[in-house]
Amino acid sequence: MTTMTEASVREFKMPDVGEGLTEAEILKWYVQPGDTVTDGQVVCEVETAKAAVELPIPYDGVVRDLHFPEGTTVDVGTAIIAVDVGGGGAAPAPAAAQPAASQAAAAAPAEEPKAAGSGRQPVLVGYGVATSSTRRRPRKGPEVPVQQASTAIQTELNGHAPTAPAAPAPAAPAAPAGTDRPLAKPPVRKLAKDLGVDLTTVVPTGPDGIITREDVHAAVAAAVPAAPEPSVASAPAADRPTPASYDTTRETRIPVKGVRKATAAAMVGSAFTAPHVTEFVTVDVTRTMKLVEELKADKEFAGLRVNPLLLIAKALLVAIRRNPDVNASWDEAAQEIVVKHYVNLGIAAATPRGLIVPNIKDAHAKTLPQLAESLGELVSTARDGKTSPAAMQGGTVTITNVGVFGVDTGTPILNPGESAILAVGAIKPQPWVHKGKVKPRQVTTLALSFDHRLVDGELGSKVLADVAAILEQPKRLITWA
């Protein structure tokens with residue numbers, strides 16, 4: 001057996017794929033010991049507290065060892081894979097030692113050869129793209145018809161062929177040639193992992209054969225056997241079977257890691273470090289809602305998503321410009337208040353991986369159409385699970401829209417390092433005194449939480465009052481600009 005020298009082995013260490021991250025979980029290995037790798041070839045997928053990222057190897061060689069199995073959380077800077085770059089790969093096992101199935105596979109006509117790393121589709125999240133545009137060929141499936149195979153199995157089990165064989169279920173397409181990895185975005189992979197679904201068994205319905213969340217849920221539903229109809233008419237109430245909709249397992253344990261772990265640590269740190277104060281105001285936003293409809297028809301906003309959040313964001317930016325001291329952070333080490341002369345506006349987004357808060361860089365300098373474009377990109381990127389770690393760094397003030405869930409308001413917790421966060425409640429018709437008469441008006445409740453070390457009650461109240469005044473009379477976006 002070929003031995004390797006210490007000088008020829010390179011250890012690839014877990015990199016810091018974000019800004020200051022300390023650990024990452026290995027989600028999937030794409031290579032195994034003995035595989036040949038090339039510079040830039042993706043060898044594994046990892047999940048940090050902020051994003052799922054595919055890691056390319058930075059040199060050519062032969063994989064000698066994978067130091068950690070999938071599902072392991074590894075500290076940044078720890079070696080995760082050993083590669084022999086000396087070119088002395090281990091000799092392949094003799095044919096006699098291979099299983100019969102492997103020998104049969106070796107005797108079969110070889111598929112079209114491909115270069116290492118070729119045939120990869122562009123990665124869904126992270127960095128690195130395909131080095132070749134070679135089309136994938138579907139593997140040849142078994143030649144035994146599904147119905148014939150099903151009949152044979154039932155004959156073997158029951159001793160006779162079924163009189164009326166059930167219609168065959170649609171077979172899941174095999175993985176494309178050149179890879180055993182089905183196409184799915186990281187949030188979908190995370191969902192499948194949590195639900196215990198093997199993605200290779202899932203029938204994709206998304207574009208280009210991509211597996212969607214609905215496909216995973218459909219696979220789960222298909223895997224649950226139908227419970228027989230219980231006969232409860234003659235059974236005492238206490239002895240009646242549990243309804244099929246209930247699981248006998250009364251608890252589910254979910255590992256706390258990734259985004260959920262980072263969010264929990266950040267919120268606990270914020271709640272017990274910054275003295276929170278929350279103020280509330282209920283405001284008539286009927287004119288703002290009318291303006292939203294007018295902007296939707298404006299050619300300057302063609303192709304852009306215009307909604308109340310756009311004008312709420314703009315109102316907050318104007319309020320910050322009028323009260324700049326609210327846009328600050330607390331430097332504990334230096335015992336200083338750091339006032340920011342820019343606004344990186346965070347938007348809280350619920351994603352399959354958990355709550356994340358990407359931010360719009362220099363939002364204060366954007367026009368209303370530019371802000372609408374940035375909001376649309378931020379939301380779509382977050383939903384697709386493609387938000388980069390850099391997009392979640394450096395936020396100064398945040399908006400969380402709890403109104404989309406039908407909630408009136410809440411007491412939001414500050415993001416670490418920020419001074420204020422605005423919660424927007426549901427906008428709905430309510431009786432309101434307007435011009436001396438009670439009329440139905442579009443009303444919402446705003447809640448502003450702020451760090452009382454650097455924002456006192458007067459300053460916080462002014463900011464919240466300004467936002468409410470703008471939403472009540474949106475023409476103030478012009479007069480106060």
Side-chain angles (χ1 to χ4, degrees), residues 2 4-18 21 24-48 51-72 74 76-93 110-139 174-186 188-190 193 199-200 208-211 385-386 388-389:
T2 304
M4 58 180 176
T5 62
E6 185 174 346
S8 68
V9 176
R10 300 289 297 274
E11 298 279 0
F12 179 61
K13 299 179 179 180
M14 177 70 74
D16 178 5
V17 295
L21 297 176
E25 178 190 354
I26 299 175
L27 293 181
K28 178 75 174 178
W29 282 111
Y30 301 143
V31 295
Q32 295 297 324
D35 290 352
T36 299
V37 294
T38 58
D39 185 2
Q41 178 180 342
V42 173
V43 295
C44 68
E45 181 181 28
V46 301
E47 182 182 36
T48 70
V53 180
E54 291 182 328
L55 299 182
I57 200 78
Y59 30 73
D60 301 339
V62 177
V63 177
R64 287 301 186 183
D65 186 33
L66 306 180
H67 296 328
F68 299 96
E70 295 175 357
T72 305
V74 181
V76 168
T78 303
I80 59 174
I81 180 174
V83 177
D84 183 2
V85 298
E111 294 186 1
E112 179 181 350
K114 67 180 183 67
S118 66
R120 286 187 57 79
Q121 299 295 327
V123 293
L124 298 176
V125 170
Y127 50 91
V129 294
T131 57
S132 168
S133 59
T134 305
R135 284 185 173 272
R136 300 176 175 183
R137 293 188 309 166
R139 288 177 178 168
T179 180
D180 291 328
R181 183 191 182 215
L183 290 177
K185 296 177 181 179
V188 178
R189 294 184 184 281
K190 179 66 165 57
K193 180 179 178 182
L199 287 178
T200 60
D208 300 324
I210 293 177
I211 296 173
K386 297 180 180 179
S388 67

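In this chain, numbering begins with 1 at the start of the sequence shown. Reckoned from all heavy atoms, side chains included, excluding hydrogens, waters and symmetry mates.
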### Message
Run the side-chain hydrogen bond (donor to acceptor under 3.5 Å, both in side chains) test against Asp60 and tell me which residues pass, sequence neighbours left out.
### Response
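Partners of Asp60 under the side-chain hydrogen bond (donor to acceptor under 3.5 Å, both in side chains) test: none.
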### Non-neighbouring partners of Glu11 that pass side-chain hydrogen bond (donor to acceptor under 3.5 Å, both in side chains), sequence neighbours left out
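His67.
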### Task
Take Val63 and Gln32 through the side-chain contact (heavy atoms from CB on, under 4.5 Å) test and state the conclusion after the steps.
CA-CA 7 Å; Val63 177; Gln32 295 297 324; over 6 Å; no
Least distance between heavy atoms, [X] atom then [Y] atom:
X     : Y     : value
Gly77 : Lys13 : O-CD, 3.3 Å
Glu47 : Leu27 : CB-CD1, 3.7 Å
Ala79 : Phe68 : O-CE1, 3.2 Å
Ile26 : Val46 : CA-CG1, 4.2 Å
Pro56 : Phe12 : O-CZ, 3.6 Å

#### Entry: Val83/Val43 under side-chain contact (heavy atoms from CB on, under 4.5 Å): CA gap, chis, key distance, verdict
CA-CA 11 Å; Val83 177; Val43 295; over 6 Å; no
### Message
Nearest 0.5 Å, please: how far is CG in Asp84 from CG in Asp65?
### Response
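Here the interatomic distance stands at 12.0 Å.
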### Query
How many angstroms lie between CD1 in Ile57 and CD1 in Ile80, if you round to the nearest 0.5 Å?
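Here the interatomic distance stands at 7.5 Å.
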### Query
When you look at Val37 and Tyr30, which way does the side-chain contact (heavy atoms from CB on, under 4.5 Å) test go after all the steps?
CA-CA 10 Å; Val37 294; Tyr30 301 143; over 6 Å; no
